[in-house]
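Count residues from 1 along the sequence.
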Amino acid sequence: MDSLSDGEPVIRVQQSGPLNGTVRVAGAKNSVLKIMAASLLWPGRYTLRNVPRIADVRWMGELLERMGATTTQEGDVLTIDVPEEMTPEAPYDLVERMRASIVVLGPLLARFGEARVSVPGGDDFGHRPIDMHLRGLEEMGVSFTTSHGYIEGRVERLLGTKVLLEFPSVGATENLLMAAVTAKGTTVIDNAAREPEIADLADFLNAMGAEVQGAGTSTITVHGVERLHPAEHTVISDRIEAATYLVGLGLAGGEATIDGARPDHMEMLVEKLTDMGMRITATADGLWAAAPARLRSVDLSTLPYPGLATDYKPLLVALLTTADGVGIVTENVFAGRFRYVDELVRMGADIRAEGHHAVVRGVEVLSGAPVRAPDIRAGAALVVAGLAAEGETLVSAAHHVDRGYQDLVGNLARLGARVELVAGT
Ligand code: EPU
């Protein structure tokens, strides 16, 4: 039990199934983080509901607090008090911990005409530039300088313009959208990301008095307004968390109801899982799914929404490891993102990964092993893979999982999985 000796959180998983029961998904991490950043646009008190209790929300709260705001979370309700006077700066220690901090750039420039944000580094996903964020903001009138690892932006008044994104980047779309709400004139973001989290952000901005049209499509039009006001908002549910339970079910077999899930945000995933042999139907408050003892392999390609999300990929690769046949997985969004493959191979999976492709040959059963979570989604993928592995799987560095899941272990256990947190907090 060496892996438990350092107090690091470890998730112990034993072969499980068939699963049965009901779970509820929390609010979407990738929605609430941006909505929290958007609160910087105008002083006052904001109330957000359906906010997951996860590390990333605490860190974004810490970032807002360093700038001068106050945040309080009780249950799933987050209150943010945004003052008149703030320090428009995102320091190195927080940006380094959470890349999503870059989305404060747009709102800070809109509100204060200046912002100082640490340059985000690379990560397990490979080299992740922010050139599209900066170019779009420059087109709106911002001047940037970079020194001592910080980007400093200045602008007299943001000006509405047409910005054509080279790729439908989620973060760039969000930064530009937030910058545009109080800009002078109309901003059109073309080739915008279409993720449901972008539409959720736009709904929040509109509740603040912004005039955003077309969010959720490739062309977002923002008519700049002079004034905003604080707002209340209920965050959409986390489609990646819902996918995690679906994949867990696919690996262990059985049936489950996932309350709060939005099948309309997960159409391509539902189609793929159905092709693999799962049955999935919408319920009044989410979805119901059933999986046979063994699924069939399919080929998969990640794409921006409404394509198959790159965040589903580690989960789906885990699912293919025990499916019948061979599946070819192609990554089209990030350069890296196959690191967890080596961990799955340690669990007996037959996977060959090279560049953007992985070939997964299904085996009858995986073999429990100590493995390490490289990031949030890959960590969750290793946990659910453990459900289909003989013996015991110990997933170390499980703090990565806490960044995005309020209670992965508890929810899987609620479905009858033999999983527990055995060290750390
Ligand atoms: N890109 C550039 N230049 C830019 C911006 C992006 O080249 O200026 C590239 C990236 O390097 C990447 C691709 O464009 O290859 C897509 O990146 P995107 O900007 O869309 O991703 P992101 O905003 O950094 C968000 C999510 C990720 C999710 C991606 C793709 C948040 C906080 N993060 O990242 O989610 O994988 O969109 O859907 O919303 C996660 O939740 O664990 C996570 C990593």
Side-chain donor/acceptor of Thr244 to backbone N/O of Ile240, under 3.5 Å = yes
With no hydrogens and no angle check, is any side-chain donor or acceptor of Ser169 less than 3.5 Å from a backbone partner on Phe167?
-> no
Hey, does the side chain of Glu343 reach the backbone of Arg372 with a donor-acceptor pair shorter than 3.5 angstrom?
-> yes
Is there a donor-acceptor pair under 3.5 Å between the side chain of Glu89 and the backbone N or O of Arg116?
-> no
Hey, does Tyr305 have a side-chain heavy atom less than 4.5 Å from the side chain of Glu197?
-> no
Is it true that a side-chain atom of Thr47 and a backbone atom of Glu232 form a donor plus acceptor pair closer than 3.5 Å?
-> no
Asp200 versus Ser31, closest heavy-atom pair with distance = OD2-OG, 2.6 Å
Within 6.0 angstrom of Tyr150 OH, more than 12 heavy atoms from elsewhere | yes
Report yes if the side chains of Pro263 and Ile280 come closer than 4.5 Å at any heavy-atom pair, otherwise no.
-> no
Point-to-point distance, once rounded to the nearest 0.5 Å, from CD of Glu241 to CD1 of Ile258 = 9.0 Å
Interatomic spacing from CD in Glu139 to CD1 in Ile189 - rounded to 0.5 Å | 11.0 Å
Leu109 vs Met140 side-chain heavy atoms within contact, under 4.5 Å | no
How are the rings of Phe204 and Tyr46 set to each other: parallel, tilted or perpendicular (split at 30° and 60°)?
-> tilted
Do side-chain atoms of Glu74 reach the backbone of Val77 as a donor and acceptor pair under 3.5 angstrom?
-> no
Report yes or no: does Gln73 contribute a side-chain atom to a donor-acceptor pair with the main-chain N or O of Gly75 at less than 3.5 Å?
-> yes
Check for a donor-acceptor pair, side chain of Glu84 on one end and backbone N or O of Pro43 on the other, with a separation under 3.5 Å.
-> no
Is any NZ, NE, NH1 or NH2 atom of the basic residue among Arg58 and Glu62 found under 4.0 Å from an Asp or Glu carboxylate oxygen of the other?
-> no
Test side-chain contact (heavy atoms from CB on, under 4.5 Å), reference Leu308, set Val329, Thr330, Leu316, output is Leu316
Quick one: does Asp407's side chain get under 4.5 Å of Arg414's, heavy atoms only?
-> yes
Measure the shortest side-chain to side-chain distance between Asn175 and Pro107 over non-hydrogen atoms and say whether it is less than 4.5 angstrom.
-> yes
Could you tell me whether the side chain of Ser396 and the main chain of Val371 form a donor-acceptor pair under 3.5 Å?
-> yes
Give the C-alpha distance, both sets of side-chain angles, the deciding distance and a yes or no for side-chain contact (heavy atoms from CB on, under 4.5 Å) between Leu273 and Leu319.
-> CA-CA 10 Å; Leu273 295 179; Leu319 189 58; 3.4 Å; yes
Modelled atom types, side-chain donor and acceptor of Thr302 and Asn332, under 3.5 Å = no
Could you walk me through whether Lys29 and Asp311 pass the salt bridge (charged side-chain N to carboxylate O under 4.0 Å, His left out) test, one step at a time?
-> CA-CA 12 Å; Lys29 168 179 89 71; Asp311 291 345; over 6 Å; no
Thinking salt bridges, do Arg339 and Asp375 make one under a 4.0 Å N-O criterion?
-> no
Reported CG-to-CG distance for the pair Leu246 and Leu315, which is rounded to 0.5 angstrom | 10.0 Å
Determine whether Ile198 and Arg194 make a side-chain contact, defined as any pair of heavy atoms from C-beta on separated by less than 4.5 Å.
-> no
Which atoms form the tightest heavy-atom contact between Ala210 and Val181, and what is the distance?
-> CB-CG1, 3.6 Å
Mind running side-chain contact (heavy atoms from CB on, under 4.5 Å) on Val170 and Asn30 for me, showing each step along the way?
-> CA-CA 10 Å; Val170 171; Asn30 289 349; over 6 Å; no
Straight-line distance of Asp342 CG to Met347 CE, nearest 0.5 Å = 13.5 Å
Atom of Leu165, atom of Ala192 and distance for their closest heavy-atom approach = CD1-CA, 4.2 Å
Compare every heavy atom of Gly250 with every heavy atom of Ala291, then report the nearest pair and how far apart it is.
-> CB-CA, 3.8 Å
Leu137 CG to Leu176 CG distance, which is reported to the nearest 0.5 Å = 5.0 Å
Tyr340 and Arg377, any side-chain heavy atoms less than 4.5 Å apart | no
Is atom CD of Glu166 surrounded by more than 12 heavy atoms (other residues, nucleotides or ligands) closer than 6.0 Å?
-> no
Over 12 non-hydrogen atoms of neighbours within 6.0 angstrom of NE2 in His148 | no
Taking Leu320 as the fixed residue, which of Asp299, Leu300, Leu295 is the one that meets the side-chain contact (heavy atoms from CB on, under 4.5 Å) rule?
-> Leu300
Heavy-atom closest contact (Ala261 atom, Leu287 atom, distance) = CB-CG, 3.9 Å
Taking the side chain as every heavy atom from C-beta outward, state whether Leu177 and Lys34 have any pair of such atoms under 4.5 Å apart.
-> no
Count the heavy atoms of every other residue, nucleotide or ligand shown that sit under 6.0 Å from CZ of Arg157, and state whether that count exceeds 12.
-> yes
Decide side-chain contact (heavy atoms from CB on, under 4.5 Å) for Met208 and His233; before the verdict, give the C-alpha distance in whole Å, the side-chain angles of both, and the deciding distance to 0.1 Å.
-> CA-CA 10 Å; Met208 289 174 70; His233 183 77; over 6 Å; no
Closest heavy-atom pair and its distance - Ile376, His400 | CG1-O, 3.4 Å
Could you walk me through whether Thr310 and Glu331 pass the side-chain contact (heavy atoms from CB on, under 4.5 Å) check?
-> CA-CA 7 Å; Thr310 178; Glu331 171 63 64; 2.9 Å; yes
Taking the side chain from Ser237 and the backbone from Gly260, do they hold a donor-acceptor pair closer than 3.5 Å?
-> yes
CD on Gln406 to CG on Asn411, rounded to 0.5 Å = 8.0 Å
